[in-house]
Asker: 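Here you go, one structure.
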Amino acid sequence: MDTKLLDLLAEKYDSEEKVVTEIIKLEAILNLPKGTEHFVSDLHGEYQAFQHVLRNGSGNVKEKIKDLFKDEFSEKEIDELATLVYYPEEKLQLVKDHFNNDQELNEWYGETIEHMIKLISFASFKYTRSKLRKALPKQFVYIIEELLYKTEEFTNKKKYYSKIYQQIISLGQADKLIIGLAYTTQRLVVDHLHVVGDIYDRGPEPDKIMDALINYHSVDIQWGNHDVLWIGAFAGSKVCLANIIRICARYDNLDIIEDVYGINLRPLLNLAEKYYDSNPVFMPKSSTNALPENEKIQISKIHQAIAMIQFKLEMPIIKRRPNFNMSERLLLEKLDYDKKQITIHGKTYPLENTCFATVNQEQPDQLLEEEREVIDKLLFSVQHSEKLARHMKFLMKKGSLYLKYNGNLLIHGCIPIDEHGKMEKMTIENKTLAGRDLLDVFEQYLREAFAHPEKTDDLATDMVWYLWTGEYSSLFGKREMTTFERYFIKDKEAHVEKKNPYYYLREKEETCRQILKEFDLNPDQGHIINGHTPVKEISGENPVKANGKMIVIDGSFSKAYQSATGIAGYTLLYNSYGMQLVAHKLFHSKEDVLQNGTDVLSVKRLVDKELVRKKILETNVGESLLQEVSMLKKLMEYRYIK
Ligand SMILES: O=P(O)(O)OC[C@H]1O[C@](O)(COP(=O)(O)O)[C@@H](O)[C@@H]1O
Ligand SMILES: [Mn+2]
């Protein structure tokens with residue numbers, strides 16, 4: 001081993017004792033039970049529902065409270081403590097309103113702090129002291145550690161406790177401490193969070209989800225097709241940009257663009273007012289339907305203007321990238337403008353609700369000068385939005401197209417395969433790629449596009465759009481996206497998006513084993529974890545497939561899809577005892593949880609049970625700790641053992 005490296009290491013561990021202590025510490029950690037991993041996907045801007053799942057650790061908080069207090073507490077008391085842990089600020093307010101005098105309140109403070117300390121002690125059972133310390137509220141570390149560890153030194157524990165409690169209360173610190181303890185508990189029940197794609201689009205608050213993730217203690221992200229669309233827009237892809245604005249208009253979320261990310265929509269609005277009229281298929285899908293008619297009409301005009309820019313922008317890309325195999329999507333060229341009809345895949349359909357005022361029939365892929373100006377201005381604004389830059393950089397830093405983690409393969413969409421289960425091939429710059437190699441190259445292009453936001457038409461930037469909508473994109477996994485058809489053709493047959501065979505072959509264990517092998521994972525132990533396609537629990541679909549090898553956790557946080565799925569999302573927990581799938585019932589509001597003390601009841605199903613409790617030693621983290629131990633042992637020999 002390079003002695004320079006060891007010399008460097010010796011600067012940190014400058015005595016034999018320090019090396020020995022560190023080795024002993026690491027070896028001890030390796031033998032602790034593995035931490036709990038929490039998997040979520042398809043959040044689609046639903047911040048409130050996501051927050052709830054995050055705060056209750058997919059039911060883990062309540063489970064710990066039940067395990068600890070089941071003999072002492074009534075059902076109602078369990079709910080009360082759980083709600084306090086989820087939403088401490090609001091719950092404290094409610095509790096305080098309820099008491100008549102200070103004495104009652106102070107008693108409640110004392111008992112509650114005691115319960116919470118017990119809960120933390122229980123929830124941190126499998127962590128080292130130093131890890132727990134990092135999770136504690138900074139200003140109270142000393143006091144909490146005192147309460148957690150030092151009490152056994154005193155014979156009269158109760159007296160000692162109550163003295164500390166009295167002090168905390170009389171110094172007016174009880175609320176702050178309780179709030180701190182609540183967040184510590186939330187943090188302790190989940191060690192690491194995986195977001196298996198689709199943070200953005202459809203729902204109203206993706207930016208708040210991003211902020212929550214940025215502040216989360218440990219997280220990784222597997223990009224979804226909607227996430228790469230936003231990355232693409234920021235990286236200079238005008239067609240991706242047109243798409244995100246179109247989707248925001250469609251779901252009445254233009255304030256995300258305008259207010260949250262500070263992008264000026266005025267030029268687009270002017271264009272929209274000039275060329276478009278009210279159009280029923282472009283009216284926003286509003287969950288509340290509370291929008292005044294004139295606002296709806298204005299949004300429908302913006303929606304048309306940006307949709308037409310999108311359709312035009314797609315064409316030059318399709319032409320300059322024949323290997324994308326998308327010529328069937330040159331729709332504006334195939335259109336019969338006089339007869340108002342189009343022939344797609346050999347079938348002719350009449351067109352309705354058309355809005356082709358800006359289309360030059362001779363050269364339908366040409367933007368009007370005004371359209372070009374609008375999209376250029378939008379791109380400038382997008383690339384100069386500080387908040388968006390922060391969110392996109394975080395997506396790049398924590399994200400990847402797929403992830404191998406503790407023996408499992410996490411991927412938002414699919415591995416493109418043919419009907420015989422063979423990996424589909426795609427040729428990019430004269431290289432024919434399939435399976436894992438193809439995905440690795442996709443990711444390289446995406447990173448290249450992000451590194452060069454000034455390039456708007458290069459292969460890397462076009463490739464990000466391919467990831468959104470291309471046949472062999474591992475994030476999309478359908479033959480084509482029928483956006484145009486859904487706006488202008490009534491016949492539902494034209495709307496069908498044919499799925500890659502992956503989506504039925506993944507029901508078979510053999511397919512999943514093969515894919516795990518392709519990624520150098522052990523097929524006897526690994527699982528594939530997917531998001532992307534809503535599991536229709538309502539019609540009997542099972543999220544656990546292929547004899548437990550495949551777990552699909554898109555149960556739809558997205559309100560727009562809940563009537564089809566019948567639930568409010570799946571999440572997955574993987575602790576040292578095994579994997580559990582949680583099906584969440586519909587989440588109404590935080591207020592509902594607070595007022596009624598009821599939780600969004602979740603149903604748990606066991607996916608896989610570990611026969612022997614899994615230790616950190618057997619995890620990704622364990623692997624890197626082992627490497628550290630081996631380095632330290634080398635340092636020991638090199639420096640200290642003579
Ligand atoms: O529900 P909408 O807004 O019409 O969007 C439908 C489009 O979204 C997609 O389903 C992609 O989004 P998902 O990744 O959430 O499935 C496309 O396949 C489809 O064309
Ligand atoms: Mn998706």
Side-chain angles (χ1 to χ4, degrees), residues 39-46 195-204 206 209 221-232 239-240 242-254 256 281-287 299-300 303 306-307 310-311 314 326 329 331 344 353 395 399 401-402 410-416 464-489 492-500 502-503 529-536 552-565 569-570:
F39 302 73
V40 301
S41 90
D42 296 84
L43 305 171
H44 282 300
E46 295 297 340
V195 182
V196 194
D198 278 357
I199 295 163
Y200 277 89
D201 289 334
R202 299 205 178 109
I209 298 180
I221 299 165
Q222 294 71 55
W223 301 311
N225 46 339
H226 291 271
D227 306 322
V228 297
L229 199 59
W230 283 72
I231 293 175
V239 73
C240 288
N243 264 290
I244 64 171
I245 297 177
R246 180 184 63 78
I247 296 172
C248 281
R250 180 165 165 76
Y251 283 87
D252 184 22
N253 285 326
L254 283 171
I256 299 174
V281 285
F282 286 90
M283 287 294 180
K285 289 185 179 204
S286 176
S287 47
I299 295 172
S300 94
H303 191 176
I306 199 69
Q310 177 198 317
F311 296 136
E314 288 173 354
M326 291 173 83
R329 304 305 300 162
L331 299 168
I344 306 175
N353 303 305
L395 264 187
L401 216 46
Y402 67 87
L410 283 58
I411 178 159
H412 177 70
C414 70
I415 305 298
V464 186
W465 177 65
Y466 185 83
L467 281 172
W468 160 246
T469 190
E471 180 178 15
Y472 296 144
S473 154
S474 55
L475 302 183
F476 179 51
K478 296 175 190 165
R479 176 64 191 92
E480 56 200 347
M481 196 175 285
T482 58
T483 312
F484 180 95
E485 291 87 327
R486 276 180 287 121
Y487 287 128
F488 302 120
I489 299 174
K492 287 235 164 30
E493 195 194 305
H495 303 181
V496 176
E497 294 179 349
K498 190 164 172 253
K499 286 185 180 164
N500 183 273
Y502 175 87
Y503 291 102
I529 296 157
N530 268 178
H532 190 51
T533 46
V535 177
K536 295 180 179 137
V552 186
I553 58 169
D554 178 7
S556 261
F557 277 87
S558 184
K559 290 214 175 78
Y561 283 65
Q562 284 172 359
S563 55
T565 59
Y570 291 105

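Note that ligands are numbered from 1 as they come in the structure, with each ligand's atoms numbered from 1 the same way. Heads up: numbering here begins at 1 and tracks the sequence.
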Asker: For Phe282 and Tyr487, take the angle between the two ring planes, folded into 0 to 90°, and tell me which bin it lands in: parallel under 30, tilted 30 to 60, perpendicular over 60.
Answerer: parallel
Asker: Between Tyr200 and Gly224, is there a donor-acceptor pair closer than 3.5 Å when you use the side chain of the first and the backbone of the second?
Answerer: no
Asker: Do side-chain atoms of His44 reach the backbone of Asp201 as a donor and acceptor pair under 3.5 angstrom?
Answerer: yes
Asker: Do any N or O atoms from the side chain of Thr482 and from the backbone of Glu485 form a donor-acceptor pair under 3.5 angstrom?
Answerer: no
Asker: Between Asn500 and Lys478 (side chain of the first, backbone of the second, donor and acceptor by atom type, cut-off under 3.5 Å), is there such a pair?
Answerer: no
Asker: Between Asp198 and His226, is there a donor-acceptor pair closer than 3.5 Å when you use the side chain of the first and the backbone of the second?
Answerer: yes
Asker: With no hydrogens and no angle check, is any side-chain donor or acceptor of Asp42 less than 3.5 Å from a backbone partner on Phe557?
Answerer: no
Asker: Suppose the cut-off is 2.8 Å; which protein N/O/S atoms would you list for the Mn ion (ligand 2)?
Answerer: Asp198 OD2, Asn225 OD1, His412 NE2, His532 ND1
Asker: Mind jotting down which protein residues get a heavy-atom contact under 4.0 Å with ligand 1? Chain and number order, please.
Answerer: His44, Asp198, Arg202, Asn225, His226, Arg250, Tyr251, Phe476, Lys478, Met481, Arg486, Glu497, His532, Tyr561
Asker: With a 4.0 Å cut-off, would you call Arg329 and Glu471 a salt bridge?
Answerer: no
Asker: Quick check against the 3.5 Å criterion: does His532 have a side-chain atom that pairs as donor or acceptor with the backbone of Ile411?
Answerer: no
